[in-house]
Structures are given as structure tokens and as C-alpha cells.
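Here's the structure we're looking at; comments come further down.
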Amino acid sequence: MSSRRRHTRFPVRSRGLGDVYKRQRRLRALAARGLRVPQVLAEGAPGLLLAHLGLPGQDTPSLAVEMHAAVRARPQAMLGLFHQGLDALGTAHAAGACLSQAFARNLVRCPDGVIGYVDFEDDPAAVLALPQCQARDLLCYLHSTALHLQEAGALPAAREVWADWLELQPTVVQALLRTSVRQMRWLRRLPTDRRWGRDLQRARAAWVLAGGEG
């Protein structure tokens, strides 16, 4: 990480020393695999001191922020952002890694355009096999993007993008995701009325995006 990028720093408070070590271990392991994550500058019982992924005076918007702003744009703009997030997850997975909470809010655009990864409170690999962790990453991502896609009128096209992208992933991950979609088919019974709240809308849209009945 360049000295310019290290100029901006931010502290991350943790719940205890074990949590500190878990986070710094995860960050350093991901960095060793060539993934763009915050650099650990210092660590201790109160928390971690991390280098910011941005540069002084420049924004590092999350993919969630960009997708929210693109809702009123053309559907193609939303689809482009959705695909960039998939590719960012694909890069991490191809490196033999998994993330923690792979929501769009935790994928951030660095000044050079590369998607970086933040927020590593959890370590799914401590309790799950790697393919399960990677399938979990993808389900988190779909859950966090589906409603934006629906509101932009891009959900049908995104289903095709997702299906084509998934075909290129390891067969074990494909199988896990298809099993999850089958197990979540009860979501088709959820009402689409907005009066039931965005959480229900988001869950149903994510199921449809993942390959459930449209």
C-alpha cells in the first residue's frame, strides 16, 4: 500500500484481544493473497489501526452507495455495478479465500477503480468448509443488491447475468447455491406489497435473483 494511501487512518474498536487478533489475522491473510484490504498499521487490546483504502480528499464509495445512486439511472448502469461486485467476489474466491459479510456495503471502490474489501468481524471458515463460505458470500451479496436491481427495473436482466456468472464457478459452489434456492422457495409466498416493509421485499427479490420463480 502506497504512502499516500496510508496518510488516512482510522481506528477499529474490537470486543477483546481475541477479536483483535482474529481481524488482523484475516486482513493479513487476505492481503497475502493479493486482495485489496485495509493495511494493519497497529494493534492492541482497544482495537486496530488501519490504513484507509482511499486517498486524502477522495471518496471511497461502497458498491451499495453507488447502486443506490444508480436506481434512477438506466438499468444498464445498475447491471454494470452488479457485475463488478460479482467479479470482485470471484477474484477473492479464485484466490482461495472467503470474505466475512459480503454485502455490497462492504465492497468499496478505491481511487484506482479496484474494488476493495472491508469489515471482517466474522471468520466463517472457522466453522464452515470453504465452498460453504463462498456460497454464503454470494448469498449475502445477492441479498444486499436484489432490491436495488428490482427498483431499477434490472432484476430480470440481472437474473441472466447471475446465471451466466454462476456457470463459471466451481460445481460444488453451484450445487450449494441451488440447494439454498430450493430450500428458500417458501419466499415465493411472501407478499409483494410495500406495506409489509423492505426486509420482506429484499428477501423475496434476492430469492428471485438467485434463480427462484420470477
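No experiment lies behind these values; they were computed from the predicted model shown. If you read the sequence from its start, that first residue is 1, and numbering goes on from there. Reckoned from all heavy atoms, side chains included, excluding hydrogens, waters and symmetry mates.
The two residues Ala135 and Leu177 make their nearest non-hydrogen contact at O-CD2, 3.7 Å. In terms of heavy-atom proximity, Thr60 sits nearest to Cys110 at CG2-CA, 4.5 Å. Shortest non-hydrogen contact noted between Gly211 and Val181 is C-CG1, 4.0 Å. The two residues Pro75 and Ala152 have their closest heavy-atom pair at CG-O, 3.5 Å. Among all heavy-atom pairs drawn from Leu35 and Ala95, the shortest one is CD2-CB, 4.4 Å. Across Ala104 and Ser144, no two heavy atoms sit closer than the pair N-OG, 2.9 Å.
Here Tyr117 pairs with nothing under the ring pair (Phe, Tyr, Trp, His ring centres under 6.0 Å) rule; sequence neighbours left out.
Considering CG of Leu107 and CD of Glu66, their distance stands at 10.5 Å, rounded to 0.5 Å. Between the CG atom of Leu155 and the CD atom of Glu160 there is a distance of 11.0 Å, given to the nearest 0.5 Å. Note that CG of Leu138 and SG of Cys98 are 11.0 Å apart. Values are rounded to the nearest 0.5 Å. Atom NE2 of His68 is separated from atom CG of Leu63 by 13.5 Å, given to the nearest 0.5 angstrom. To the nearest 0.5 Å, atoms CZ (Arg109) and CG (Leu53) are separated by 13.0 Å.
Taking the side chain as every heavy atom from C-beta outward, Val37 and Phe120 approach each other to under 4.5 Å. The side-chain heavy atoms of Arg159 and Val208, taken from C-beta on, include a pair separated by under 4.5 Å. Between Ile115 and Arg36, the closest side-chain pair of non-hydrogen atoms is not below 4.5 Å. You'll find the side chain of Asp199 stays beyond 4.5 Å of the side chain of Arg204, heavy atoms only. Between Asn106 and Ser62 the shortest side-chain heavy-atom distance does not fall below 4.5 Å. Within the 4.5 Å cutoff, the side chain of Pro61 has no heavy atoms near those of the Val108 side chain. Counting only heavy atoms from C-beta outward, the side chains of Pro38 and Val118 approach each other to under 4.5 Å. At a threshold of 4.5 Å between non-hydrogen side-chain atoms, the residues Thr91 and Arg33 do not count as touching.
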Using the side chain to side chain contact (heavy atoms under 4.5 Å, CB included) rule, take Phe103 and Asp119 through it: C-alpha gap first, then chi angles, then the decisive distance, then the call.
CA-CA 10 Å; Phe103 301 115; Asp119 195 349; over 6 Å; no
One pair to check against side chain to side chain contact (heavy atoms under 4.5 Å, CB included): Leu79 and His83. What are the steps and the verdict?
CA-CA 6 Å; Leu79 288 173; His83 209 309; over 6 Å; no
So Leu209 and His143, side chain to side chain contact (heavy atoms under 4.5 Å, CB included) or not? Walk me through it.
CA-CA 9 Å; Leu209 175 58; His143 181 265; over 6 Å; no
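Looking only at atom types and distance, the side chain of Gln132 has no donor-acceptor partner in the side chain of Arg136 under 3.5 Å away. No hydrogens or angles considered: nothing links the side chains of Arg202 and Gln150 as a donor-acceptor pair under 3.5 Å.
Between Arg26 and Glu121, no side-chain nitrogen of the basic residue sits less than 4.0 Å from a carboxylate oxygen of the acidic one, so the salt-bridge criterion is not met. A salt bridge links Glu167 with Arg178; the closest basic N to acidic carboxylate O contact falls under 4.0 Å.
With hydrogens and angles ignored, the 3.5 Å screen pairs no side-chain donor or acceptor of Trp207 with any backbone N or O of Leu187. The backbone N or O of Val114 lies less than 3.5 Å from a partner atom in the side chain of Asp112, making a donor-acceptor pair. A side-chain donor-acceptor contact under 3.5 Å links Asp137 to the backbone of Leu99. Gln174 contributes a side-chain N or O that, together with a main-chain N or O of Leu166, makes up a donor-acceptor pair within less than 3.5 Å. Without hydrogens or angle criteria, Ser100 side chain to Asp123 main chain gives no donor-acceptor distance under 3.5 Å.
Hydrophobic clustering of Ile, Leu, Val, Met, Phe, Trp and Tyr side chains at less than 4.5 Å, counting indirect connections, unites Leu86 with Val172. Tracing side-chain contacts under 4.5 Å through hydrophobic residues (I, L, V, M, F, W, Y), one never reaches Leu176 starting from Val127; they form parts of separate clusters. Under the 4.5 Å side-chain heavy-atom criterion for ILVMFWY residues, a single connected hydrophobic cluster contains both Val161 and Leu139. Under a hydrophobic clustering in which Ile, Leu, Val, Met, Phe, Trp and Tyr are joined whenever their side-chain heavy atoms come within less than 4.5 Å, directly or via other members, Met184 and Leu142 fall into the same cluster.
Other residues, nucleotides and ligands contribute more than 12 heavy atoms inside 6.0 Å of the CZ atom of Arg188. For Arg185, the CZ atom is loosely surrounded, since the number of other residues' heavy atoms within 6.0 Å does not exceed 12.
The aromatic rings of Tyr141 and Phe82 lie parallel to each other, with less than 30° between the two planes, well short of the 60° mark.
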